[in-house]
Amino acid sequence: MTVRTRFAPSPTGYLHIGGVRTALFNWLFARRHGGQFLLRIDDTDAQRNLSEALQPILDGFRWLGLDWDEGPEVGGPHAPYYQSQRAERHRAAAEQLLASGAAYRDYATAEEIQAERDTARQEKRRFLYSRRWMAETEAQAAAFESAGRSAAVRLKMPREGTCAFHDLVRGDVEFEWALEQDHVVQRADGSCLYHLASAVDDHDFAITHVIRAVEHLSNTPRQMFISAALGYEAPVFAHLPYVAEPGSAEKLSKRKLSKYLKHHEFKKAYDHGAAIAEALGRVVTPDTFSPVVVDFYRAVGYEPDALVNYLLLLGWSLDDRTETFTREQMIEHFSLERVNRSPASFDPQKLLAFQERRMQALSVEARVSRVLPFVEGVGLVDSPPTDPQRARVTDVVRAAGERLKVAGDILNYPEFFQPDADVAYDEKAFTKRVRKEGVDTRLRRFRERLVVVDPFDAPTLDQAMHDFVATEGIGIGQIIHAVRVAATGKAVGFGLFEGLAILGRAACLARIDRALDRLA
RNA sequence: GUCCCCAUCGUCCAGAGGCCCAGGAUACGGCCCUUUCAAGGCUGAGACACGGGUUCGAAUCCCGUUGGGGACGCCA
């Protein structure tokens, strides 16, 4: 038997962190067993702009490298993979359920059901439909219909016994049938609901393992009931713990960004990303841009491998120390048996740590390729860049070293790409380091040295600086900060001599002159 | 409210009766390095929710308490 798993996103316009974790585990399980991973689009609730809402999700999967063997855009033997296009098939299944007596036509109104529900709540017991408006014969149906009622199709759930199954993550689980609702599977207008559609599609697509979040655990009995009534063999289930909010045990949800921003580390991650996205001219609003959404990481310049590796370890581990996995290693070692049963909260800071490691492991060339779209995007270099521009980017990437945590961090160094006159001064830094007694004279004298330094490279500049402070009889701190602010506009940055060398003699001299002018 | 689930450092994980006065990662503190910012090196602090059992022995098994969470739709 070939293992077949699926992930079934609803087209919502974005790919959620929790969803990707579920998809990743499905993907890994399928790959581990040499099976197939499919994508099914759960759009039974008539979607308006399907392609618009779906594209970001597919893009997200592609970016992460989670390829699907069957599904939208790639097709497959069971196409179409959109639930909305399988309505006839679902309706036929509903008919079959009716015919076998596993379901019945129910003529209750929404108000009547609600009233029963309210009563149950008042009596502090679990609601169970009375089946008062159930029609099992044509005569009963006709009677209700002549009274102007219309019918939905409900499952006729067993009212005794238990539903027991083995869950690959939770172990043996058991539910009492008597606690299960007579769920509606088809509306009066003929459209079918998720649980029916899902059971039918899983069967039709030959899904062998349903790996999904725990919130679906309590849906399992009714889906198994549907499968059995339709004569299907039930798939194997595995219910993953949900991903929790940063620093909390509550389920992570996409619509709570403002709440998450109160969490210090989450806010830091958000601010870091928002600054980069805004520099690129993206409109950043809580609804469209958040560390809870996968696209955030792409926009900011994370490595997809970092995100995947982090997510892998959210609820799964190999042992007590292995943290870094290649795709091949993940696939080789992944097992549902080692998935945790308790929820894990999402920690953007730890994710960043994974990202740093991945970034550092990349070659300079690879980092340059990651960084280029960002400098091009803000117009710091041409698109595509000229050879000298590319060389400059390479120099900056090399000099910045570990300071480049995400590709978008390159935007912290615009001064290496701007014309001298465009470099912005950090006023606080300028006041503290340049606008000080004696600094102008020292800057002028150091400038004289720069004119003749040869070659104009980092070691020689370093030497020149040390010679300078020795002959002047000053501490290095009395000049070096001023030079940095004059040349880069900032008080912080990577090695000063590397920076000066990258800028070149002409730019350094011009920038020192500009700072001196500013003092006058 | 009803049903179900979960419970080890702040966070993510290891631990499937003795290897554990609990290990790794991350975050945090200190020191070192240092022209700034990072990084790095060394180092420190930090947890088995509580109470009962079972056992020669429990973080590990059982029961209860407490705490946290999830599901209870003609949503998916």
Side-chain angles (χ1 to χ4, degrees), chain A residues 8-12 42-45 83 106 108-110 113-114 117 120-128 151-154 170 173-176 178-181 183-189 191-195 197-198 212-219 239 241-242 244 246-251 264-265 310 313-324 338 340-354 356-357 360 400-405 409 412 429 433 462 465-466 469 475-485 488 490-497 499:
Chain A
S10 328
T12 52
D42 278 10
D43 56 348
T44 54
D45 224 20
Q83 284 199 328
D106 180 55
T109 62
I113 294 291
Q114 191 53 46
R117 212 173 246 126
R121 203 179 181 111
Q122 271 170 24
E123 293 170 3
K124 298 184 179 182
R125 59 177 173 79
R126 195 177 172 94
F127 162 67
L128 204 56
V153 176
R154 277 185 192 276
R170 327 283 313 173
V173 286
E174 215 176 286
F175 291 91
E176 277 193 56
L179 262 17
E180 293 297 317
Q181 300 301 326
H183 286 278
V184 172
V185 290
Q186 186 176 28
R187 300 183 181 95
D189 68 4
S191 59
C192 292
L193 268 8
Y194 167 76
H195 294 295
S198 190
R212 47 161 33 170
V214 252
E215 45 266 47
H216 287 287
L217 182 60
S218 55
N219 298 334
H239 288 92
Y242 60 88
S248 149
E250 275 178 62
K251 197 169 80 175
H264 182 65
E265 303 309 336
Y310 171 76
L313 265 12
L314 208 55
W316 180 88
S317 65
L318 175 62
D319 53 33
D320 66 337
R321 57 202 64 216
T322 314
E323 286 223 308
T324 305
R338 287 196 64 85
N340 261 327
R341 268 179 290 277
S342 49
S345 70
F346 174 63
D347 181 357
Q349 207 167 24
K350 185 147 183 172
L351 169 53
L352 218 211
F354 275 78
E356 287 180 47
R357 260 184 251 163
Q360 284 167 37
E402 285 154 346
R403 293 168 187 80
L404 286 183
K405 294 178 174 169
D409 283 339
N412 289 333
R433 299 303 193 184
D462 195 341
M465 171 65 82
H466 283 89
V469 299
I476 199 167
Q478 288 176 275
I479 178 66
I480 200 165
H481 302 296
V483 174
R484 178 187 294 281
V485 174
T488 68
K490 298 173 185 163
V492 300
F494 48 76
L496 176 63
F497 307 112

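The structure presented is a predicted model; accordingly, all values stated were derived computationally and were not measured. Just so it is clear, the values below take in all heavy atoms, side chains as well, and ignore hydrogens, waters and symmetry mates. Throughout, protein chains are lettered first and strands after them, A, B, ... in sequence-line order, and every chain is numbered starting at 1.
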Hey, are the side chains of I480(A) and F497(A) touching, using non-hydrogen atoms and a 4.5 Å cut-off?
yes
Could one point to a donor on the side chain of K350(A) or the base of A27(B) with an acceptor on the other under 3.5 Å away?
no
If we take the P atom in both C72(B) and A16(B), what is their distance in whole Å?
36 Å
Please measure how far the P atom in A58(B) lies from the corresponding atom in C19(B), and state the result in whole Å.
11 Å
Taking atom C1' in both C31(B) and A7(B), compute the distance separating them and give it to the nearest angstrom.
37 Å
Output one line per pair: protein atom, nucleotide atom from nucleotides 38-47 of chain B, and distance, for all N/O pairs under 3.5 Å.
residue : atom : partner : partner atom : Å
A39(B)  : O2'  : E402(A) : OE1          : 2.0
A39(B)  : O2'  : E402(A) : OE2          : 3.1

Any side-chain heavy atom of F175(A) sitting closer than 4.5 Å to one from L217(A)?
yes
Taking the C1' atom of each, how far is U11(B) from G68(B), in whole Å?
16 Å
Is it the case that the base of U2(B) and the side chain of R125(A) share a donor-acceptor contact (distance under 3.5 Å, atom types as modelled)?
no
For a quick check under 3.5 Å, do R484(A) and T488(A) share a side-chain donor-acceptor pair by atom type?
no
Given RNA chain B, 5'-ward residue of the pair D462(A) and Q83(A), judged by closest heavy atom
D462(A)
Within the structure provided, determine whether H216(A) and H239(A) are in side-chain contact (heavy-atom separation under 4.5 Å).
yes
Could you work out the separation of G18(B) and C61(B) based on their C1' atoms and round it to a whole Å?
15 Å
With a 4.0 Å cut-off, would you call K350(A) and E265(A) a salt bridge?
no
Quote, to the nearest angstrom, the P distance that separates G64(B) from A25(B).
39 Å
Which residues pass the salt bridge (charged side-chain N to carboxylate O under 4.0 Å, His left out) test with R154(A), not counting sequence neighbours?
D106(A)
Could you work out the separation of G67(B) and G51(B) based on their C1' atoms and round it to a whole Å?
14 Å
How many Å lie between OH on Y310(A) and C1' on C12(B), as a whole number?
7 Å
Tabulate atom names and distances for all N/O pairs under 3.5 angstrom spanning the protein and nucleotides 13-16 of chain B.
residue : atom : partner : partner atom : Å
C13(B)  : OP1  : G315(A) : N            : 2.6
C13(B)  : O3'  : S317(A) : OG           : 3.0
C13(B)  : O2'  : S317(A) : OG           : 3.1
A14(B)  : OP1  : S317(A) : OG           : 3.3
G15(B)  : OP1  : R338(A) : NH1          : 3.2
G15(B)  : OP1  : R338(A) : NH2          : 3.3

Mind calculating the distance between NE2 (H239(A)) and C1' (A76(B)) to the nearest angstrom?
14 Å
Of the nucleotides A27(B), A25(B), U36(B), which one has an atom closest to the side chain of A353(A)?
A27(B)
When rounded to the nearest Å, what value does the distance between P atoms of U65(B) and U2(B) take?
14 Å
Enumerate the protein-to-nucleotides 70-74 of chain B contacts in which both atoms are nitrogen or oxygen and the separation is below 3.5 Å.
residue : atom : partner : partner atom : Å
A71(B)  : OP1  : K251(A) : NZ           : 3.0
A71(B)  : O2'  : S218(A) : OG           : 2.5
G73(B)  : OP2  : R117(A) : NE           : 2.7
G73(B)  : OP2  : R117(A) : NH2          : 3.0
C74(B)  : N4   : A108(A) : O            : 3.2

Partners passing side chain to side chain donor-acceptor pair (under 3.5 Å) against H195(A) (at least two apart in sequence or in another chain):
R222(A), Q223(A)
Just so I know, are the side chains of R338(A) and S317(A) near enough to count as touching, which here means a heavy-atom distance under 4.5 Å?
yes
Would you check if there is a donor-acceptor pair between the side chains of N340(A) and S342(A) at a distance under 3.5 Å?
no
For D319(A), the side chain to side chain donor-acceptor pair (under 3.5 Å) test, sequence neighbours excluded, returns T322(A)
